[in-house]
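Can you keep this structure in mind? I'll have questions shortly.
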Amino acid sequence: MTARQALEYVAFVESHNCTVGTGNSLQLQFDATAWSTYALAAVRTANFLSKLITYNNNTMSALSDNILYSLVRNNVHLKSVIFGSAIAFEPDLSLSYPLYCPYAYKQIDNSTVTVNAMDLSVNYNYTDPDTEWYHTLRFLDYSNISIVTDQVQFRKGNALQPAIDVIQPVADLGDGRWTKPYYDCGGGNIWMVTYSSPFFGLTSNQQSVIFRGVATIDIELTHIDINQCDADLSSSGGALDIFRGTHNCQSTTVCVFTAGKGFTRGAYRCECAPGYFFPDVHAKEKYYDGSVIEDDITKNNVTFLDSSTRYRCSRCAPGCEKCVDASPCLFTRNIYIKAVVLVLTILTIIIIIIVSAMIFHLRESKVIKSGSPIFLLLMCAGSALMCLQLFVMFPDADDILCMVLPWPYHLGFVLLYGSLLLKTWRISVIFRQGQFKRVHLPDKTLIRRFVPIVAIAIGYLVAWSSANRQTTQTRETNSGLKFTMCTENWWSYSAYGMEVLMLLFGVYLCFTVRKAPASFNESKHITWSIYNAIILSTFILIIVQFVAETSGPDLIYILYFLNCQVVVTITMVLILAPKFYAVHMNIEVRRRDSLPTISGQVTSYIQRQQRSIGIQTSLREDDCFDNDVAKSNGTTWLPFHKRSRVRPIVPSSNKYENTLTIDSIKSTV
């Protein structure tokens with residue numbers, strides 16, 4: 001019989017008439033170690049009887065009714081789960097009756113406990129094979145029962161007599177047996193289990209034992225709960241743990257044990273499992289009662305209810321671990337906002353590509369050449385990379401996207417602002433040292449300095465991607481909606497910190513070149529770009545950290561787009577717009593036509609003992625001005641050479657020697 005069938009049999013026996021006796025039993029094996037303490041009462045009673053029998057020459061004549069009834073009543077009087085206790089004797093001629101079984105049991109009326117005692121053999125024959133608590137022990141092999149010898153000194157008057165040997169059999173807990181749960185019909189009309197411990201007499205040679213009967217205790221099951229819920233490691237169902245897992249909760253619910261219902265099925269509730277909610281949201285009790293489910297099973301004569309029709313819970317909205325209704329738990333991103341931002345980003349990248357093509361096409365123009373075309377192209381590449389960050393952020397965050405996310409922004413930042421800082425550093429070096437020593441910083445030299453910076457950035461990103469395993473985290477908006485975003489940890493904070501230090505170094509360089517004259521005010525535009533990045537970009541990132549994370553991913557996406565426009569679009573406009581304007585308006589040609597005026601201004605700087613800087617670039621000889629043209633304007637100009645240097649200017653008596661030569665103007669921005 002399975003545990004499930006046993007529970008059905010319990011319900012059947014309690015609802016139908018039964019015959020007097022103990023034949024209605026549950027054919028189940030259970031763990032009775034939880035009741036071992038109570039079973040010891042029967043063991044002690046049995047050993048006491050064995051001592052009396054052996055002491056009286058293996059006869060039971062000394063066992064009076066008063067002693068026997070007192071023994072069983074004493075066992076029942078214990079405040080425990082012991083319901084009854086019996087002493088059943090093997091039929092013997094020395095007894096007054098053919099069958100004799102003193103029995104005591106509890107009777108509860110209006111919370112008043114009374115112990116009743118009677119001879120159980122009057123009602124039925126306990127030697128019947130169906131009486132498990134007696135018949136099972138009657139024919140066991142007791143050859144291994146311990147026979148002990150005690151030293152006893154009896155008293156006579158005021159003195160102790162010499163010790164004598166008292167030989168007696170002693171039973172142990174393992175010598176007894178537990179019955180299967182059975183229904184005591186005609187007695188207590190309750191479900192119970194019985195532990196029986198044998199007692200013995202000795203043979204004439206005192207070498208073996210003779211079975212004389214059993215002493216028992218009954219454990220009432222009526223008030224012991226049946227736990228049908230699934231077994232877990234945190235709790236135990238005790239002796240009746242065999243009924244674990246026999247509940248009828250559906251897959252969308254979990255079984256919760258309900259204590260206090262006694263030895264009956266249905267002592268549980270089916271509550272909604274995590275991720276599900278009770279369909280009737282207005283119900284006061286949001287669970288299904290196990291007793292109702294069990295009765296429904298019996299009524300419909302089925303083994304298990306169809307989970308698709310009844311007693312089931314509804315699934316929560318996606319992303320909800322717990323819910324009370326079908327309300328959403330996940331933040332739903334606005335596809336229109338995402339689409340608009342992505343389209344604007346694509347347009348920005350297209351414009352950057354067009355600008356890159358124009359720079360390459362105009363690379364021989366003196367305006368573009370003065371700004372070092374290779375670095376202008378690197379700035380465009382960095383700008384496009386930073387814009388690609390918004391493509392990575394377009395889908396919902398996952399581990400792969402979060403691992404890729406830092407690459408475009410931080411690598412693009414190094415390319416864009418690294419190029420700007422190197423150009424500014426070159427202006428600073430030439431402006432501070434150019435009139436005291438020769439300074440030669442062509443683009444190739446700056447590229448060699450730029451490569452280690454990019455390598456360090458790539459190495460940091462590789463280490464970041466390799467070490468950072470937990471790349472996503474779940475956040476909640478102010479309204480309780482959940483969304484997934486990439487984790488901000490010390491790797492990202494360190495990257496932002498190094499970029500801030502990089503921009504602060506740029507601020508320092510901008511301060512050193514604030515008075516340096518340069519073509520088309522490029523140093524001034526670089527200064528504005530760095531100030532713009534360090535102020536506006538930092539402000540936006542702070543908003544992302546402290547405000548946007550509780551407002552949802554749409555606001556985060558918009559703020560990162562604005563940050564991209566601050567550090568990319570505004571920077572590119574400040575640096576490249578004046579150059580393209582100069583090319584378009586032929587400002588370079590007009591400057592060539594007004595050389596005397598420029599020469600006069602430069603000479604004026606020297607006379608005021610101020611340092612001056614021109615444009616150090618890789619001009620070819622055929623880009624130089626014609627000496628004849630210069631002479632016709634009253635000014636002596638020296639031809640350009642490929643290895644021209646910025647040289648100190650020494651005052652001279654010659655009226656032409658006080659004029660700054662073209663060699664002294666050449667430097668690189």
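Here the structure is a predicted model, which is why all the values come from computation and not from measurement.
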For the CG atom on N158, are there more than 12 heavy atoms of other groups (residues, nucleotides or ligands in this structure) within a distance under 6.0 Å?
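12 or below, so no.
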
Return yes when atom CG of N144 has more than 12 non-hydrogen atoms of other residues, nucleotides or ligands closer than 6.0 Å, and no otherwise.
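Result for CG/N144: open.
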
Are C249 and C255 close enough that their SG atoms are less than 2.5 Å apart?
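No, the SG atoms are not under 2.5 Å apart.
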
OG1 on T477 to CG on L555, rounded to 0.5 Å
11.5 Å

For the residue pair Y268 and F257, is the inter-centroid distance of their aromatic rings smaller than 6.0 Å?
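No; F257 has its ring centre 6.0 Å or more from that of Y268.
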
Classify the side-chain pair Y182/T194 by whether it contains a donor and acceptor separated by less than 3.5 Å.
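Checked: Y182/T194 side chains pair up, N/O donor to acceptor below 3.5 Å.
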
Answer yes or no: is there a donor N or O on one side and an acceptor on the other, between the side chain of Y276 and the main chain of T253, under 3.5 Å?
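No: the side chain of Y276 does not pair with the backbone of T253.
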
Distance-only donor-acceptor check, side chains T136 and E132, under 3.5 Å:
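Per modelled atom types, T136 and E132 side chains form no pair under 3.5 Å.
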
Show your working on side-chain contact (heavy atoms from CB on, under 4.5 Å) between F83 and V193 and close with a plain yes or no.
CA-CA 10 Å; F83 171 78; V193 291; over 6 Å; no

Taking all non-hydrogen atoms of both residues, which atom of W133 and which atom of L137 are closest, and how far apart?
O-CD1, 4.2 Å

For the pair S465 (side chain) and V462 (backbone), establish whether a donor and an acceptor sit closer than 3.5 Å, ignoring hydrogens and angles.
no

Exceeds 12 heavy-atom contacts within 6.0 angstrom, atom OH of Y55
no

S197 pairs by side chain to side chain contact (heavy atoms under 4.5 Å, CB included) with which of I217, V43, V214?
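Looking at I217, V43, V214, the match for S197 under the side chain to side chain contact (heavy atoms under 4.5 Å, CB included) is V43.
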
Any carboxylate oxygen within less than 4.0 angstrom of a Lys/Arg side-chain nitrogen, looking at E90 and R138?
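Between R138 and E90 there is a salt bridge, with a charged N closer than 4.0 Å to a carboxylate O.
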
Please round to the nearest 0.5 Å and tell me the distance separating atom OH of Y195 and atom OH of Y38.
15.5 Å

Using only the SG atoms, decide whether C323 and C316 are less than 2.5 Å apart.
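With an SG-SG separation under 2.5 Å, C323 and C316 do form a disulfide.
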
Under 6.0 Å from the CD1 atom of I210, do we count more than 12 heavy atoms belonging to anything else shown?
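It does: I210 CD1 has more than 12 such atoms within range.
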
Give the ring-plane orientation class for H135 versus F139, where under 30° counts as parallel, over 60° as perpendicular and anything between as tilted.
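Perpendicular.
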
Hey, could you give me the CD1/CG distance between I145 and D141, rounded to the nearest 0.5 Å?
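If I round to the nearest 0.5 Å, the distance is 9.0 Å.
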
Atom CZ of R315 with >12 non-hydrogen neighbours under 6.0 angstrom:
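Atom CZ in R315 is not packed in, count stays at 12 or less.
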
Can the ring centres of Y142 and F200 be said to be less than 6.0 Å apart?
yes

Salt-bridge contact E294-R265 (side-chain N to carboxylate O under 4.0 Å)
yes

How many angstroms lie between atom CG of L71 and atom CG of L49, to the nearest 0.5 angstrom?
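One finds 6.0 Å between CG of L71 and CG of L49.
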
Interatomic spacing from CD1 in I556 to CD1 in I543 - rounded to 0.5 Å
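If we round to the nearest 0.5 Å, I556:CD1 and I543:CD1 are 12.0 Å apart.
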
Can you check whether S196's main-chain N or O pairs, donor with acceptor, with T216's side chain at less than 3.5 Å?
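Answer holds: no.
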
Please check this pair: side chain of N56 against backbone of L52, looking for a donor-acceptor N/O pair closer than 3.5 Å.
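Yes: the side chain of N56 pairs with the backbone of L52.
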
Take atom CD in E321; do more than 12 heavy atoms of anything else shown fall under 6.0 Å from it?
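No - once you tally the heavy atoms of other residues, nucleotides and ligands closer than 6.0 Å, there are 12 at most.
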
Mind checking whether F89 and Y126 have ring centres under 6.0 Å apart?
no

Do R269 and D289 sit within salt-bridge range, that is, some charged N less than 4.0 Å from a carboxylate O?
no

Hey, does the side chain of K261 reach the backbone of T258 with a donor-acceptor pair shorter than 3.5 angstrom?
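Looks like no, no N/O pair under 3.5 Å.
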
Can you tell me if S121 uses its side chain to pair, donor with acceptor, with the backbone of L99 under 3.5 Å?
yes

